[in-house]
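In what follows, a structure is listed as structure tokens, so that the remarks can point back to it.
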Amino acid sequence: MAAGEREADTGAVDRSEGFGERLLGVLLDRAHEMPPQLIAPLVAEEVARVGGHHVSILLQDYAQLLLVPLPGRRLTVGRPELIDDSHAGTAFLCGAPVEVSQDDGVRMYLPLLDGSDQVGVLALTMDTVDDDDRRLLRRLTGLVADMLVTKHSYTDQFFLARRREPMSVAAEIQWSLLPPLAMSVPQVAVAGILEPAYNVAGDSFDYALNEDILHVAMVDAMGHGLDAATMATVAIGAYRHARRAEVGLSEIYAFMDRAIAEQFGPDHFVTAQMMRLNITTGHLQWVNAGHPAPLLIRNRQVVRQLESPTTLPVGFGGEEPQISEQMLQRGDRVLCFTDGLIEEHEAGEEQFGEEQLIHWVNRIEHSGKGPRAVVRSLSHTLKQERGGSTSDDATLFLIEWRGGAADHLAVLE
């Protein structure tokens, strides 16, 4: 049965006062025990209750190029849609609904936001739509996003829908390590991207927002394949363990260094960069263990590299690192990247280099896009400029500091 047929079974669409709250309450109650394979028909059924039909759930693929329809009973499963050239992609990147008038009604594309993590897009068609419909559907999509994220941890259904080509074992490991690719709160936003998405091995990143401190780490393990993925896994695990012990950046470096040395011996290493940002004051601290210097972006252009003393990569037994500091201004962005972005070159030719990287950062920053859209656009553009392929992992991580206090969010009006 198609999603749009539900109305024929239940009669006229119920738009009475309080119906939306009852619908969401019933859906929430049912969602707790709902197995993953029944999410699709449940969503289609509930959308049909408010007069919606031709329902699609679109998830972002791992390369961040497409929005891929999730297969499922009562869902409309068409072709994948390009993120950069579709109404669904606009809703996804902007995090805001898009409505398109068409012959059979209004086609709506609603971002699926789990907090600030953009899971995908819910697409549906309404004969007509008013503000009450919009309000109810916005709440519905938030609940659907929560369901997808919760169920994702114990099913392969969503992973398989998002995967568009074979994935290496090393990449499987790296993707399982990652936090959400983007996070946004009033004071700070972050976004990251890895390539090659289906063969990444030694690159990874991690972050956590604890009270007023944003913690960030980026690592690049030596070598390729499964060995690199294993080292990166140990490095990120050691970083999280030390971070959660609430020690300083120097102690975090020392703990990661010992973990890599003890597990892999003296001939293996991981370059790393660890940061702490006070999201209230804009005070940034970092330790650089063999990474390229991050770029400081102000007023939509690179103003300088954040040069700092570097210590040995973790695993080599370096001395206590020197902590570097920078006071950010509101709106500043800090771009971290691994050397795969700048060292790519054809045999016998010059490396891609930091000058070209800065050139493209400046061009893309002037588009005025948000952090997630910027890292996507920058990664895909840089790959194209490097000849459409990469022989090494190439990772970007962008931090945008917005400042201010968030206390007002806890006040009920």
Side-chain angles (χ1 to χ4, degrees), residues 1-9 23 26-28 30-93 97-98 100 102 104-105 107-114 117-126 137 140-168 171-172 175-176 178 180-181 197-198:
M1 181 176 66
E5 294 173 3
R6 178 69 185 182
E7 185 176 345
D9 295 340
L23 183 152
V26 170
L27 180 58
L28 183 60
R30 298 173 68 185
H32 287 306
E33 298 180 352
M34 185 66 59
Q37 69 270 21
L38 295 185
I39 289 179
L42 175 63
V43 171
E45 177 182 330
E46 299 308 320
V47 168
R49 289 179 186 273
V50 292
H53 52 92
H54 293 101
V55 181
S56 295
I57 296 176
L58 305 168
L59 304 178
Q60 178 185 230
D61 79 317
Y62 282 93
Q64 299 194 40
L65 294 170
L66 302 171
L67 287 170
V68 184
L70 177 68
R73 289 187 291 119
R74 301 185 184 178
L75 290 184
T76 300
V77 181
R79 294 180 179 178
E81 300 200 35
L82 290 171
I83 293 178
D84 288 324
D85 189 27
S86 68
H87 297 301
T90 300
F92 178 78
L93 290 177
V98 172
V100 181
Q102 51 189 35
D104 60 346
R107 187 67 173 167
M108 303 184 69
Y109 301 91
L110 305 157
L112 294 168
L113 300 174
D114 175 56
D117 183 24
Q118 290 156 297
V119 178
V121 171
L122 177 66
L124 57 100
T125 301
M126 301 279 288
L137 289 169
L140 175 63
T141 53
L143 181 54
V144 172
D146 289 343
M147 292 168 59
L148 292 172
V149 170
T150 301
K151 309 298 183 182
H152 185 276
S153 60
Y154 55 84
T155 183
D156 291 329
Q157 180 182 0
F158 311 130
F159 171 87
L160 293 172
R162 295 176 59 199
R163 189 174 69 180
R164 306 303 296 170
E165 59 183 81
M167 183 176 284
S168 69
E172 295 263 15
W175 279 106
S176 69
L178 287 176
L181 294 180
Y198 297 96

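- The distance from the CG atom of L140 to the CG atom of L110 is 8.5 Å, given to the nearest 0.5 Å.
- The side chain to side chain donor-acceptor pair (under 3.5 Å) test applied to T90 returns no partner, not counting sequence neighbours.
- Taking CG of L66 as the start and CG of L58 as the end, the distance is 10.5 Å to the nearest 0.5 Å.
- Within a 6.0 Å sphere centred on NE2 of H152, heavy atoms belonging to other residues, nucleotides or ligands number more than 12.
- In terms of modelled atom types and a separation under 3.5 Å, the side chain of T141 and the main chain of L137 share a donor-acceptor contact.
- Note that CG of L160 is 11.5 Å distant from CG of L59, once rounded to the nearest 0.5 Å.
- In this structure, the side chain of T125 does not engage the main chain of R107 through any donor-acceptor pair within 3.5 Å.
- Looking at S153, its side chain does come within 3.5 Å of a backbone N or O of T150 through a donor-acceptor pair.
- No donor-acceptor pair closer than 3.5 Å links the side chain of W175 to the backbone N or O of Y62.
- Between P36 and M147, the closest side-chain pair of non-hydrogen atoms is not below 4.5 Å.
- Between Q64 atom CD and L93 atom CG the span is 9.0 Å, to the nearest 0.5 Å.
- In this view, P180 and D117, Y207 satisfy the side-chain contact (heavy atoms from CB on, under 4.5 Å) rule, not counting sequence neighbours.
- Considering only heavy atoms from C-beta on, V98 stays 4.5 Å or farther from V121 through its side chain.
- Side-chain atoms of Y109 never come within 3.5 Å of backbone atoms of L124 as a donor-acceptor pair (strictly under, hydrogens ignored).
- Atoms CZ and CZ, on R163 and F158 in that order, are 15.5 Å from each other to the nearest 0.5 Å.
- Evaluation of the salt bridge (Lys or Arg N to Asp or Glu O under 4.0 Å) test over residues 51-71, restricted to residues two or more places apart or in two chains, returns none.
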